Amino acid sequence: MQLSFEEDALILITGTEHLPEWIQKNDVTGIEDPKLSGRLEKGLLTFLHLVRPAFDEIMKLAKIAKRNFVPFHVLGKVDRNNPDKVINLKMRKKLRRQGVKNVYLTDDKKGWDNLSYSLKKKHTRMLDEHGPLDFIGDVHGCYDELTALLNKLGYLASETIINGSIHKRYFHPQKRKLVFLGDMVDRGPASDKVMELILELNNQNMAYAVLGNHDEKFLRYLKGNPVTVNSGLEETISQVEGKSEEFKNNIICFLKSLPSHYVFDNGNVVAVHAGIREDMQGKDSREIKDYCVFGEPGEKKKYDGLPERRDWGRNYRGKAKVVYGHTPVKEPFWVNNSIDIDSGCVFGGKLTALRYPENELISVNSFDPYYPGVDFVDFRKEWNLQD
Ligand SMILES: [Mn+2]
């Protein structure tokens, strides 16, 4: 039988004195090993071997896994003739009741010896994608500015006519690729055309995208879930009204497939909408998704009563460069190896791209303040930083 683990899982092997041969010894660590927490923080596959753990001990491990945002599995070899107090077949139910979903217990000796496992690749880890990459901040339906920016960045399109219809193929002479930082829709004049273009670029393996809070809400709307139609969603709805079901379904599929963030280039650069801590990079969980898409949960409230969620960069100490958007700033803002490149195009600012690895900023001024009245944030002033 073949089991399947996530690349960053913590797996408890129990009920047996000897580690099975199908486990890579390099991936095994002890509960007292000081390296354990480092491994979990980095999201490395980790096997832990405890012969007869107490139930509380297993629950403690489940908590540690949760704190590190990694999946937890319990693999146990059970001896039917010698029922153990803790490791027995009844334990499965008990663990599942406590929220440990991945429990594999067997009393089949042969089956145990012949187990094997495969690893599920984390879709947030794109370590082999070395670029060069062009990160683009919140587009918010600004189609004309987007095409102008792609032009300025050197993207070209060739047109061929197949069966009477025009097919556009995009390419960049330097083989560059695009990374959209979320909030592709809402507020602006042509979210429909922006989505159409990004879907096409993605189809042609020319573009990645991560999910933004506006995209997430638009997805919920398209799926027919109840949403409050405000903050520019009304524009997007009117723009996709009357479009084909196929087009809307393609958007649903695309948005559903978007990860909370991407880690590129051997872990050197991270793309995310609102922000991300170092210990979350390359993993995924409900909590990480919320953090990446909506920002750091905070106590401080904005004027409209919604939580203020933008302080994460101030405390960021990670090695990876983090490129993000979400909070409109007059000028892209570097702090602690992170950069906010949402320069508020839809509010009358500009649409900005960061070229990686060059670290060069390229932007196009907004053609029209489509959605005026939003305050640009000045992090320098807000955090009392020196120039
Ligand atoms: Mn946003």
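We count ligands from 1, going down the list as the structure has it; atoms in each ligand are counted the same way. Keep in mind the model is a prediction, meaning the values are calculated, not measured. We're numbering straight along the sequence, starting at 1.
Taking a cutoff of 4.0 Å between a charged side-chain nitrogen and a carboxylate oxygen, K283 and E7 do not qualify as a salt bridge.
The minimum distance between the Mn ion (ligand 1) and any N, O or S atom of D183 involves atom OD2. The N, O or S atom of H326 lying closest to the Mn ion (ligand 1) is ND1.
Between the Mn ion (ligand 1) and T327 there is no N/O/S contact shorter than 2.8 Å.
For the residue pair Y291/E296, the side-chain donor-acceptor check at 3.5 Å is satisfied.
A cation-pi arrangement is found for K94 relative to F55, the charged atom lying closer than 6.0 Å to the ring centre and inside a 45° cone about the ring normal.
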All N/O donor-acceptor pairs, side-chain side in residues 59-75, below 3.5 Å, sequence neighbours left out:
residue: N68; atom: ND2; partner: I64; partner atom: O; Å: 3.0
residue: H73; atom: NE2; partner: E6; partner atom: OE1; Å: 2.9

